[in-house]
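Lettering of chains follows the sequences in order, A, B, ..., and the numbering in each one begins at 1.
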Protein chains: 2
Amino acid sequence: MAEARSVDTRERILDAAEHLFMAHGYEGTSMRQITGEAGVNLAAVNYHFGSKESLMQEVFRRRLDWLNEERMRVLNAMEAEAAGKPLKPSQIVDGFFGTLLRMAGDEKRGGVTFLRLLGRTLTEPSEFIRAFLAHEYKVVMDRYKEALFKALPEVPKAEIVWRFHFMLGATSYAIAGTDALRLVTDWQIEEEDSTDRLDRLVPRLMSFLLGGLRSPLPQFSDAVADSK
Amino acid sequence: MAEARSVDTRERILDAAEHLFMAHGYEGTSMRQITGEAGVNLAAVNYHFGSKESLMQEVFRRRLDWLNEERMRVLNAMEAEAAGKPLKPSQIVDGFFGTLLRMAGDEKRGGVTFLRLLGRTLTEPSEFIRAFLAHEYKVVMDRYKEALFKALPEVPKAEIVWRFHFMLGATSYAIAGTDALRLVTDWQIEEEDSTDRLDRLVPRLMSFLLGGLRSPLPQFSDAVADSK
DNA sequence: CTATGATTCATACGTTCGTTTTAATCATAG
DNA sequence: CTATGATTAAAACGAACGTATGAATCATAG
């Protein structure tokens, strides 16, 4: 079997697709752009992946498989160490979001490009993408939610789920918008080079997420006089 | 001038476009879908708006003009009341994000549909949309950032800008993902009807945002031994 | 060296896209 | 009632899309 060339071609296509999907979105990227940037023939995508949709899924699977396994490894290790006792919220948050962010420093795992793609894709309208991501994420997400339930027994589960959701959003923006929202915020802050910025983003975001997660519970205006 | 029909048509197109852009994204929505749902002729969009891009801009302008003016009104009123003294962070956050969220309860102003569209679009890849939104947002954003700088004089400005960014992300997800991430999180929480959910979302999110905003400042690992 | 299967290539297919054109229809002013 | 300008309608445009086809090219097994 002659796989030497095809592996190269596959990888080149995945890299180009990852980059272009990040920059222009799924619908906004054409097969001709992808094969053009990858320097391969137009038909190569359908030959190696079958379709554009399958290519997109493979782009994500290539990175998410590792990420989710790593998250599982980290959580398992922490829970083994704790020996049945609840984990600290900061541990759990770091296991889920910190692992993700540290992935950005690893160019072998896609670096910031994939992280930005992921950040943007979580709000992507395309149905099949959301369904695919939901499926890929579900098992890990459930484990981390359970850990949070255990770590914060006095907080209603609904509240924890909401705050997990908020944390996802803040993280997604922190990644995706590292340059996207620079336009909006205009920054005017002392410039840091990108690796430096990433190093500092982790503690910055982590501090914000933990502050939000441990914030006092909201008081609903109908808390006493409940109408229904 | 016979404007009776054209106003109806314009509005019908804008409503359909708002809904479809929210559901399938800008690139994922075709002119034929829009005119089909609006019940108007295909050529009507180009007649009334000139192009698909201009239509998209008009969809946003119709809502954002009011929103940003309202945000300005609220901020001006609060600052007038404070008479030079710094505002409370909770006031500022509520003025910016609370105003946005309460817009969702106002069906005349687009309701949840527009809010979801906005949430998703802030991470939209299309260049012209981001540029347009940045332009529309800049003035208001700057005023609110200044207010936060004044309210939190002991916090470095860079940190405030980052946290504003994080808050935007959390809010965006809170809106856009009200059903998008239901797949991912699987919820399994007691179901609330949608108006009830929105009523409760505001204090929930506000509590999270304020917790994050006022969280202890992050400690950078190189804080003491600075290499450069 | 040749045969074989994997891969690459140029090219074309059928659709759908946003936009444009030209004619029909409408509301209203004179 | 008729003329006029605004709006709607039907049809078509070229371009770009994702995909499929069949021949050329490659690496390797026998």
Atom-to-atom span, CD of A/Glu27 to P of C/dG18 - whole angstrom: 11 Å

Sugar-phosphate, base or nothing in reach of B/Thr29, heavy atoms under 4.0 Å: sugar-phosphate

Nucleotide C/dG18, atom P - distance to CD of B/Gln33 in whole Å: 9 Å

Salt bridge A/Asp106-A/Arg102, side-chain N to carboxylate O under 4.0 Å: no

Any B/His48 side-chain nitrogen or oxygen under 4.0 Å from OP1 or OP2 of D/dT8: yes

Sugar-phosphate, base or nothing in reach of A/Ala43, heavy atoms under 4.0 Å: base

Atom-pair distance (CZ on B/Phe49; P on C/dT20), nearest Å: 16 Å

Length of the line joining B/Met31:CE and C/dC17:P, which is rounded to integer Å: 11 Å

Aromatic ring proximity, centroids under 6.0 angstrom, B/Phe128 and B/Tyr26: yes

Ion pair A/Glu79/A/Arg143, N-O distance below 4.0 Å: yes

Closest nucleotide among D/dC17, C/dC17, C/dT8 to the A/Arg32 side chain: D/dC17

Phosphate OP1/OP2 of D/dA16: any A/Ser30 side-chain N/O under 4.0 Å: no

Rounded distance (Å) that lies between atom P of D/dC26 and atom CG of A/Asp8: 16 Å

Distance, rounded to the nearest Å, where B/Leu42 contributes CG and C/dG18 contributes C1': 8 Å

Approximate separation, where rounding is to 0.5 Å, of A/Phe96 CZ and A/Met141 CE: 5.0 Å

Aromatic plane relationship, A/Phe60 with A/Phe132 - under 30° parallel, 30 to 60° tilted, over 60° perpendicular: perpendicular

Aromatic ring pairing B/Tyr173/A/His165, orientation class (parallel under 30°, perpendicular over 60°, tilted between): perpendicular

Salt bridge flag under 4.0 Å for residues A/Arg62 and A/Glu11: yes

Length of the OH-P vector between A/Tyr47 and C/dT8, whole Å: 7 Å

Presence of A/Thr9 side-chain N/O under 4.0 Å of C/dT8 phosphate oxygens OP1/OP2: yes

Separation of C/dT19 P from B/Ile13 CD1 (nearest whole Å): 13 Å

B/Asn41 vs A/Lys52, nearer the 5' end of DNA chain D by closest nucleotide: B/Asn41

Consecutive Watson-Crick or G-U pairs in runs of at least 3, all under 3.5 Å, in which DNA chain C is involved: C:1-30 with D:1-30

